[in-house]
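The structure appears below as structure tokens.
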Amino acid sequence: MTAEQAARARRHGQITAERYDSWTEEQCRGVEIVDGSVAARPRASKRHNRLARLLANALEAAAGPEWNADTDFDVRLQDVPLTNRRPDVVVYRADTIDVTPTRPEHVLLVAEVVSPGSETTDRIVKTNQYAMAGIAFYWRVEQAATGLPLVHTYVLDPATRTYREAGLFTGTIETTTPFPVEIDLSRV
């Protein structure tokens, strides 16, 4: 969606699920809807996109045939008011590839790569939204001064709908979700 289209959408008030579902993929690209309002996302850096792609590829390879991993992918957290997020990486059930919109119950893990300007949203706002939606695993990836990304991993406590820390990784991630994951981050 261009800046002009986003501005036009804002002028037309609350975005409903039906209205958003009528938009083309191109109109949705780069846009998140939060509580019925358009939230334009700044263009990500090449390093940001490379890190997200590296994570998605490694998660896809580790997941086997039951799970898919993608970037630039909508997840419908709630219908009213509409909250539609586009995590940097999403791991979702392979048998739901054609189900639209993708719902939290289809999603195993979301990962957000923190960029300048997205710190509060990725560290607090999205963390709370993903937990309340019931997504089992959340990874927050931060660029460190050392050059190697830091990956903060979280596991959902279903009783409280909050995440608890599961580990902090740098260089290589060696953790389990329902499948073992080993990702070398030194190539970023």
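- Minimum heavy-atom separation, A69 to A56: CB-O, 3.4 Å.
- Here R93 pairs with D95 under the salt bridge (charged side-chain N to carboxylate O under 4.0 Å, His left out) rule; sequence neighbours left out.
- With sequence neighbours left out, R53 forms a salt bridge (charged side-chain N to carboxylate O under 4.0 Å, His left out) with no residue at all.
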**Prompt:** Between S45 and R50, is a side-chain contact (heavy atoms from CB on, under 4.5 Å) present by the stated rule, with each step listed?
**Reply:** CA-CA 9 Å; S45 70; R50 178 171 168 67; over 6 Å; no
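- Judged by distance alone, the side chain of S115 and the main-chain N or O of S118 form no donor-acceptor pair under 3.5 Å.
- Applying the 4.5 Å side-chain rule to ILVMFWY residues, one finds that V125 remains a lone member of its cluster.
- Linking ILVMFWY residues whenever their side-chain heavy atoms come closer than 4.5 Å, directly or via other members, places V155 and L109 in the same cluster.
- Between E119 and R140 there is no salt bridge, since no side-chain N of the basic residue sits under 4.0 Å from a carboxylate O of the acidic one.
- Here the shortest heavy-atom pairing between G36 and P81 reads N-CB, 4.0 Å.
- Evaluation of the side-chain hydrogen bond (donor to acceptor under 3.5 Å, both in side chains) rule for D88 yields H48 as partners, not counting sequence neighbours.
- T96 contributes no side-chain N or O that, together with a main-chain N or O of V99, makes up a donor-acceptor pair within less than 3.5 Å.
- V114 and V151 are assigned to two separate hydrophobic clusters, defined by single-linkage of ILVMFWY side chains at heavy-atom distances under 4.5 Å.
- Note that OG1 of T83 and CD of Q78 are 3.5 Å apart. Values are rounded to the nearest 0.5 Å.
- Side-chain contact between L51 and P149 is present, with at least one heavy-atom pair separated by less than 4.5 Å.
- Judged purely by atom type and a 3.5 angstrom limit, E142 has no side-chain atom pairing as donor or acceptor with the backbone of L150.
- Not one N or O on the side chain of T71 forms a donor-acceptor pair closer than 3.5 Å with the backbone of V89.
- Looking at heavy atoms from C-beta onward, V38 lies in side-chain contact with I15 at the 4.5 angstrom threshold.
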**Request:** Tell me, with the steps shown, if F169 and V141 meet side-chain contact (heavy atoms from CB on, under 4.5 Å).
**Result:** CA-CA 9 Å; F169 300 89; V141 184; over 6 Å; no
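- Every residue meeting the side-chain hydrogen bond (donor to acceptor under 3.5 Å, both in side chains) condition with D21, not counting sequence neighbours, appears here in chain and number order: R76.
- Here CD of E60 is found 13.0 Å from CG of L55. Values are rounded to the nearest 0.5 Å.
- Rounded to the nearest 0.5 angstrom, I33 CD1 and Q14 CD are separated by 9.5 Å.
- Residues T153 and E165 form no side-chain contact, since every pair of their non-hydrogen atoms from C-beta on lies 4.5 Å or further apart.
- Between the CD atom in E18 and the OG1 atom in T16 there is a gap of 4.5 Å [rounded to 0.5 Å].
- Between the CD atom of E32 and the CG atom of L82 there is a distance of 11.0 Å, given to the nearest 0.5 Å.
- Using a cut-off of 4.0 Å between Lys/Arg side-chain N and Asp/Glu carboxylate O, D157 and R164 are scored as not salt-bridged.
- H106 NE2 to T102 OG1: the interatomic distance, rounded to the nearest 0.5 Å, is 7.0 Å.
- Hydrophobic side-chain contacts under 4.5 Å tie V107 into a cluster, directly or through other members, with F73, V75, L77, V90, Y92, I97, V110, Y130, I135, Y138, Y154, L156, Y163.
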**Request:** Go through the steps for R86 and D70 under the test salt bridge (charged side-chain N to carboxylate O under 4.0 Å, His left out), then give the verdict.
**Result:** CA-CA 10 Å; R86 293 180 80 85; D70 279 308; over 6 Å; no
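- For the residue pair R85/Q129, the side-chain donor-acceptor check at 3.5 Å is satisfied.
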